[in-house]
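Below is one structure, written out as structure tokens, with a few remarks after it.
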2 protein chains.
Amino acid sequence: MSKEKPAARSAKRGRRIGEPAYQRIVNALTSRIAHGIYRPGGQLPTEAQLRLEFGVSPMTIRRAISILLDRGLVSTTQGKGTFVRSLDLGEAVFRLQEVTDQWAAGDSVHVQLLEASIAPATERVAHVLRLAPGTRTIYLQRLLLREGTPIVYHREHVVYDETRPLIEAQLQITSLEGLLRGTVGAALPSGELSIQAMSLGARAAELLRMPQGAPAFCLEHVFSDFDGLPVSWGWFLCRADQFRLSTHLGPHVDDQAPSDTRKGEHAP
Amino acid sequence: MSKEKPAARSAKRGRRIGEPAYQRIVNALTSRIAHGIYRPGGQLPTEAQLRLEFGVSPMTIRRAISILLDRGLVSTTQGKGTFVRSLDLGEAVFRLQEVTDQWAAGDSVHVQLLEASIAPATERVAHVLRLAPGTRTIYLQRLLLREGTPIVYHREHVVYDETRPLIEAQLQITSLEGLLRGTVGAALPSGELSIQAMSLGARAAELLRMPQGAPAFCLEHVFSDFDGLPVSWGWFLCRADQFRLSTHLGPHVDDQAPSDTRKGEHAP
DNA sequence: CAGTGGTCTAGACCACATG
DNA sequence: ATGTGGTCTAGACCACTGC
């Protein structure tokens, strides 16, 4: 039942150290696409051929190709083959991480609570939060300052629920970390976000120390609880001169150092 | 060496039809996270436990968890376990596909070429395209109209290279399909994109039939050839009232019909 | 029919974390 | 030492395409 001596396989290929085989294959294929060795629209070698070239098992080749699929570099059709995709603007994805990182850039970033009040929901608020009009809600206004300069103005409506001590936590948020994760916190599992370009109104312009009508990003959010019911509706107004979303389109070799101090850790 | 009769396994589990096992597991785990059965910060069952629960092999469980990892729903730490991630604004990703789809929404969408000229590169253009100032470049202006209404204004500088018949193709672009894929085409493998909010200048406002200073999205692009050299620099000015980027954050069950007319086809 | 990608198995060994 | 995730194998069968 031994089938294979334990040392047999490690003797077969001495690549245990360093980057994994699938990553090596991903990088190799990505590089060939980037350099035009495999042309857009052209067919990649079959999995059987790649298996022979790289000396790995079918699953390892498939794993590599799956990654290229996720990245939009290739397309596969069962029974036909794997093909290089040509560039498509629509494939571009922008990560909000960029923006929140820019918020946090700088030594002195803090959140200022401008107002916190309990008021009956307007028709608009009631509709979004799916409440009866007039239901009591919390209205919050915050200003995010970096190096003393206001860069983001945040307004938020939160359902007032005595059974949930969410409000207490809300009021304590005066750090950026709290605003990014505390607002949504460990209690809210999902949300909808949208970004629009807009011109600053009088109040927002004054608070952000910009001329009225200055351009801004508006990041709107609706967070819901485990039952799918909306709990919070709000929007961040971000000075346009302070933020941009950027991304790369097309093949991009990772080139990660094989034995570096890499922490894949994500704090829960 | 036969080890197993060919029919033995298919008798073991009759789930060959319908959705694959890994997808079934992804949906099950996603649902549990969405409903709070697995709480943010909490630990998921170990892979060994899940393997027993779902009756699959280790690789299949790992594939499912890898997908949850990609979607940012869980985090894994070697030696410790798999944990539910709490919501993080920074995790949100916005797909440009939404915007280009909105461009194409409607029956009559077409691209109008306003101007095409050859001119010496200004210092700014030369710098971005890495040319000597004064080198001849193509300057293009286009207007995208939907139902007769101008919604996007596009300006672009393209390097003038007699060895490449790129220009000829450029001038022929009068369809949306051409603008999205033809600009970049099969010849350009990579690009950099960025989005900013801005106010429309006099000319742009006039062309888009908006008041001067109206808000707009500016989608800037630099496309490069196989050698990594920039070939095209331009930007799309999009009326803010026509476009928005939106996305979902958190667990989202696919719920794909098992035996539907699903075409995973991506035209090369 | 042969060729291709898509899924899955039942193990193995490795690297890391904790006690 | 034990338990965890991370990688990998050497096959198998299925579904689809095209001749």
Side-chain angles (χ1 to χ4, degrees), chain A residues 1-26 43-52 54-69 74-83 258-259 261-266, chain B residues 1-26 43-52 54-69 74-83 258-259 261-266:
Chain A
M1 282 300 193
S2 62
K3 282 192 270 185
E4 284 256 351
K5 284 295 182 293
R9 190 169 45 72
S10 49
K12 255 196 285 190
R13 302 202 64 83
R15 47 100 182 79
R16 271 296 174 170
I17 46 155
E19 66 184 357
Y22 74 89
Q23 188 63 57
R24 181 172 54 97
I25 297 169
V26 165
Q43 185 173 5
L44 263 65
T46 68
E47 297 184 357
Q49 290 172 318
L50 292 173
R51 196 180 64 209
L52 291 176
F54 291 101
V56 297
S57 81
M59 282 294 278
T60 304
I61 285 291
R62 288 209 52 76
R63 181 169 182 179
I65 290 180
S66 292
I67 291 172
L68 298 182
L69 254 179
V74 303
S75 67
T76 56
T77 308
Q78 191 171 130
K80 289 179 68 176
T82 305
F83 303 86
S259 57
T261 53
R262 293 186 65 79
K263 286 291 207 177
E265 187 86 31
H266 292 287
Chain B
M1 281 303 190
S2 62
K3 280 193 270 184
E4 284 256 349
K5 286 294 180 292
R9 189 169 45 71
S10 48
K12 254 195 287 190
R13 302 201 63 81
R15 47 97 185 80
R16 271 297 174 169
I17 47 159
E19 66 183 356
Y22 75 90
Q23 188 64 58
R24 181 172 53 94
I25 298 170
V26 164
Q43 184 173 5
L44 264 66
T46 68
E47 297 184 357
Q49 290 172 319
L50 292 173
R51 194 180 65 207
L52 291 176
F54 291 99
V56 296
S57 79
M59 281 293 280
T60 304
I61 285 292
R62 288 209 53 75
R63 181 170 183 179
I65 291 181
S66 292
I67 291 172
L68 297 182
L69 254 178
V74 303
S75 67
T76 56
T77 308
Q78 191 170 129
K80 289 180 69 176
T82 305
F83 303 86
S259 58
T261 54
R262 294 186 64 78
K263 286 290 209 181
E265 186 88 30
H266 292 286

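Below, all heavy atoms of this structure are taken into account, side chains as well, without hydrogens, waters or symmetry copies. Quick note on labels: first sequence line is chain A, next is B, and so on, each numbered from 1.
- Look at CZ on A:R63: it is 19 Å from P on C:dG5, rounded to the nearest Å.
- A:S66 is linked by a side-chain contact (heavy atoms from CB on, under 4.5 Å) to nothing, counting only residues two or more places apart in sequence or in another chain.
- Here B:R62 does not reach the OP1 or OP2 of D:dG5: none of its side-chain N or O atoms lies under 4.0 Å away.
- Counting all heavy atoms, side chain and backbone alike, B:S75 lies closest to B:L69 at CA-CD2, 4.0 Å.
- Atom CD1 of A:I61 and atom P of D:dA10 are 13 Å apart (whole Å).
- The shortest distance between the side-chain N/O atoms of A:T60 and the OP1/OP2 oxygens of D:dT7 is not below 4.0 Å.
- Shortest non-hydrogen contact noted between A:Y22 and A:T60 is N-CG2, 4.1 Å.
- Using a 4.0 Å cut-off, some side-chain N or O of A:T76 falls inside it from OP1 or OP2 of C:dG6.
- The side-chain contact (heavy atoms from CB on, under 4.5 Å) test applied to A:I65 returns A:E47, A:L50, A:I61, A:T76, A:T82, not counting sequence neighbours.
- Taking atom CZ on A:F83 and atom C1' on C:dG3, their separation rounds to 12 Å, with Å as the unit.
- Rounded to whole angstrom, the span from the CG atom of A:L44 across to the P atom of C:dG5 amounts to 9 Å.
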Evaluate the side chain to side chain contact (heavy atoms under 4.5 Å, CB included) criterion for residues A:Q23 and A:V26: first the C-alpha distance (whole Å), next the side-chain angles of each, then the deciding distance (0.1 Å), finally the verdict. CA-CA 5 Å; A:Q23 188 63 57; A:V26 165; 4.1 Å; yes

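- An OP1 or OP2 oxygen of D:dG18 is reached within less than 4.0 angstrom by a side-chain nitrogen or oxygen of A:K80.
- Neither OP1 nor OP2 of D:dC8 sits under 4.0 Å from any side-chain N or O of A:Y22.
- Contact annotation: B:T77 does not reach the phosphate of D:dT4 (side-chain N/O to OP1 or OP2, under 4.0 Å).
- Closest contact between the side chain of A:T46 and the listed nucleotides D:dG5, D:dC8, C:dG5 involves C:dG5.
- The phosphate of D:dC8 (OP1 or OP2) has no side-chain N or O of A:S57 nearer than 4.0 angstrom.
- If you take CE of B:M59 and C1' of D:dA10, they are 12 Å apart, rounded to a whole angstrom.
- Distance, A:R51 CZ to D:dA12 P: 11 Å, rounded to whole Å.
- For the pair A:Q78 and B:E47, both in contact range of DNA chain D, the more 5′-proximal nearest nucleotide belongs to B:E47.
- To the nearest angstrom, P of C:dT7 lies 9 Å from CD of B:Q23.
- Atom CG in A:L68 sits about 12 Å away from atom P in C:dG6, given to the nearest Å.
- Between A:G79 and A:P58, the residue anchored closer to the 5' end of DNA chain D is A:P58, taking for each the nucleotide with the nearest heavy atom.
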